[in-house]
Number of protein chains: 2
Amino acid sequence: MPEDVSLTTVAARAGVSISTVSRIVNGETRRASAATIARVRDAIEAVGYRPNPVGRALRRRQSQVVGMLVANLDNPAMATIASSTEAALRSAGYVMMLCDTHDRADLQDDYLSALRAQLVRGFVMVASVPSKGLADLSAEGAPMVFVTRRAPAGRGPFVGIDDRAAGAAVADRFIDEGRRAPAVAFPQQGSSATRDRVLGFLARLAERGRPAASVIQGEGSGLSHLQVGYEAAEKIFSAGDKPDAILCVSDQIAYGVRRRALERGLDVPGDCSLVSIDGSPLNKWVAPWLVSVEIPYIAYGQEVLASLNAIWTGSASMDRLLPYRF
Amino acid sequence: MPEDVSLTTVAARAGVSISTVSRIVNGETRRASAATIARVRDAIEAVGYRPNPVGRALRRRQSQVVGMLVANLDNPAMATIASSTEAALRSAGYVMMLCDTHDRADLQDDYLSALRAQLVRGFVMVASVPSKGLADLSAEGAPMVFVTRRAPAGRGPFVGIDDRAAGAAVADRFIDEGRRAPAVAFPQQGSSATRDRVLGFLARLAERGRPAASVIQGEGSGLSHLQVGYEAAEKIFSAGDKPDAILCVSDQIAYGVRRRALERGLDVPGDCSLVSIDGSPLNKWVAPWLVSVEIPYIAYGQEVLASLNAIWTGSASMDRLLPYRF
DNA sequence: TCTCATTTGGCAAACGTTTGCCAAAGCTGT
DNA sequence: ACAGCTTTGGCAAACGTTTGCCAAATGAGA
């Protein structure tokens, strides 16, 4: 299958000019007679012509590529988002270019500029980090949608869940279950997502008669949420009050908390129940002790696509909040 | 930052022709005087010129893009491979385009032809599936490296571990530990990787006096290895002999086996120890009961790059087997 | 000073598209 | 038969790059 078939090949075979073929390929049916169109279509079929995306991008000054920057592909949730977004984009005729920023601002900027040079059509920022390049690009009005974490600069369409509400839902559950000593484990330098979950949780508890001061709060630092959970748990378990229910703002934090709990000889959920926000399908298999608010990461892809489409067509860019499920 | 700076911009500013600038950008230092080179370099710096990859690809008929097809991004091992490969390629000046084939031949072919149209420089097939498009492309001699699973057609450079040896290593361990009733859990329609692991395991056991017929073999079917393990375990546990050590050919299979074991009231590793081949870092946190042969997925990226480099420079394409660690 | 080789650099033609503009042909109504 | 409009389609110029070829300028040797 020699792939050196271009508009010229088709034009020669159909006995028309390349302009005509180009127009027909692009659906400009009003610029050619029905007979010509049929002849060209046949020729296209016969030689197996496929438009060359590179030539097209050069001329149009815009490619079919959408760039996706993800903070950490090793995080299963982000991998799922990447996978579903790739599928959605592909089915709409776009291709996705994926970059792993490792949560580093400098890498993020490198990737942004490389992608821009590729004339990408849009950017999908999954858990972006604040950076100069991002701010610039955003200010220029580049098509950009933020997933999981909101835009550092504030404005920018967002795909995710209502993090505050999710936190509040866990609070409600704890109260309804009659928990005496609720706690929360979260990362020291959290993103908008983890922060909002904690805030929603504490706010709802306060509304229902449990002021924030009475809630055991454990924060952890470290690169991975596993480590964060492990550290946060230490603080929580060595607090004066013994917690009987802990909100972990992500699955991985819950894994870390649980490990520390085991090391301390605590039974989960016997002595202390763990609730997390994420809901990886893996939990059912490796963490049956964990109750989780399930986030439909698998559905993120189509929302991202819808959001990009809205931007491209000039509609108002609005946030897309997906339903979570307890 | 208006990004409409091209060779023309630089040429005008430096007072030379675009040919000269192009040659200097591409390191053809012998085609211009030192003074000219300096002047051009300054101009490049001043206007912030970056070569346009699209124009370049069109002219060179070859882009800096490397296409990566992965069977399932939700699999943490593959996500890690994708991440490390992306990093390695990026640091060598390439960009990676990632596609998730969901292990489907038709999608794989779609992606292959889309990537080819993008004039990609090479293909990285992570756990590829046999397909017509793959066979054609491979026959044409497209630069292609196979990761984790060997080329369906046989020939093609491979990056992975020595799967038979890994299986054998587990066999040795079982014998050395004095296990009475070893078993193995594996997928019904396995890849070259899982097949080789089982073969290596059984062969070594046979060498050391345990003919294959005496080994409990449980195969499972299903989309995910979790399910495979769950099914395989059922067969293994309901066999006449009660196993006291099971080789699970992947981490996820081990998770499935363990779940079934729990349901049957078996203690792991008390009643029966589990050994898997994969070694996800997550194991330490969520599956401390699992012993694993650790595969250095994080190091795959650089090997993939090295393999591609070998192909591009015309060297003999050889397999790259990485060391595993018990 | 002349010849010849080397250095230095520009011209122009590609690569595969898209699209503004022009022109030929076909129609309509007078 | 003629003006004017619509349909149909081609020409050619871009988009940003690379590169074969040619030419001017420089330098060396005679």
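Nothing here was measured: the structure is a model prediction, and the numbers come from that model. Below, chain A is the first sequence line, B the second, and so on; all start at residue 1.
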Listed partners of A:Y297 passing ring-ring contact (aromatic ring centres under 6.0 Å, His included), at least two apart: A:Y300

Taking [X] for the side chain and [Y] for the main chain, is one N or O donor matched with an acceptor at less than 3.5 Å?
| X | Y | value |
| --- | --- | --- |
| B:R149 | B:S128 | yes |
| A:R121 | A:Q64 | no |
| B:D103 | B:A71 | no |
| A:Q108 | A:V129 | yes |
| A:S192 | A:R150 | yes |
| A:E303 | A:L322 | no |

Grab the [atom1]-[atom2] distance between [X] and [N] for me, whole Å please.
| X | N | atom1 | atom2 | answer |
| --- | --- | --- | --- | --- |
| A:Q62 | D:dC15 | CD | C1' | 14 Å |
| A:D4 | C:dA14 | CG | C1' | 15 Å |
| A:L58 | D:dA14 | CG | C1' | 9 Å |
| B:N52 | D:dA14 | CG | C1' | 14 Å |
| A:E28 | C:dC21 | CD | C1' | 14 Å |
| B:R50 | D:dT17 | CZ | C1' | 16 Å |
| A:L119 | D:dA14 | CG | P | 19 Å |
| B:R60 | C:dG16 | CZ | P | 16 Å |

Test applied, side-chain hydrogen bond (donor to acceptor under 3.5 Å, both in side chains); reference residue, A:S83; option that passes from B:N72, B:D100, B:D74, B:N75: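 The residue from B:N72, B:D100, B:D74, B:N75 that satisfies side-chain hydrogen bond (donor to acceptor under 3.5 Å, both in side chains) with A:S83 turns out to be B:D100.
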
Sole candidate of B:T101, B:D109, B:D136, B:D106 that passes side-chain hydrogen bond (donor to acceptor under 3.5 Å, both in side chains) when paired with B:S131: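 For B:S131, the side-chain hydrogen bond (donor to acceptor under 3.5 Å, both in side chains) test succeeds with only one of B:T101, B:D109, B:D136, B:D106, which is B:D109.
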
Salt bridge (Lys or Arg N to Asp or Glu O under 4.0 Å): pairs with one or both residues in residues 35-47 of chain B, sequence neighbours excluded: none

Polar atom pairs between nucleotides 7-10 of chain D and protein, under 3.5 Å, N or O only, would you list them?
unit_1, atom_1, unit_2, atom_2, d
D:dG9, OP1, A:T36, OG1, 2.5
D:dG9, OP2, A:S33, N, 2.8
D:dG9, OP2, A:T36, OG1, 3.2
D:dG9, N7, A:R31, NH2, 2.6
D:dG9, O6, A:R31, NH2, 2.4
D:dG10, OP2, A:S17, N, 2.7
D:dG10, OP2, A:S17, OG, 2.7
D:dG10, OP2, A:T20, OG1, 2.6
D:dG10, N7, A:R23, NH2, 3.0
D:dG10, O6, A:R23, NH1, 3.3
D:dG10, O6, A:R23, NH2, 2.7

Pair up each side-chain donor or acceptor in residues 19-30 of chain B with any protein partner under 3.5 Å, not counting sequence neighbours, and list the distances.
unit_1, atom_1, unit_2, atom_2, d
B:S19, OG, B:S17, OG, 3.4
B:T20, OG1, B:S17, OG, 3.4

Estimated bend of the helix from C:dT1-D:dA30 to C:dT30-D:dA1 (axis per five terminal pairs, rounded to 10 degrees):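 Rounded value for the end-axis angle: 50°.
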
Under 4.0 Å: is that the gap between some side-chain N or O of [X] and OP1 or OP2 of [N]?
| X | N | answer |
| --- | --- | --- |
| A:S22 | C:dT17 | no |
| B:N26 | D:dT18 | yes |
| A:R59 | C:dG16 | no |

Output a table of nitrogen or oxygen pairs between the protein and nucleotides 23-26 of chain D separated by less than 3.5 Å.
none

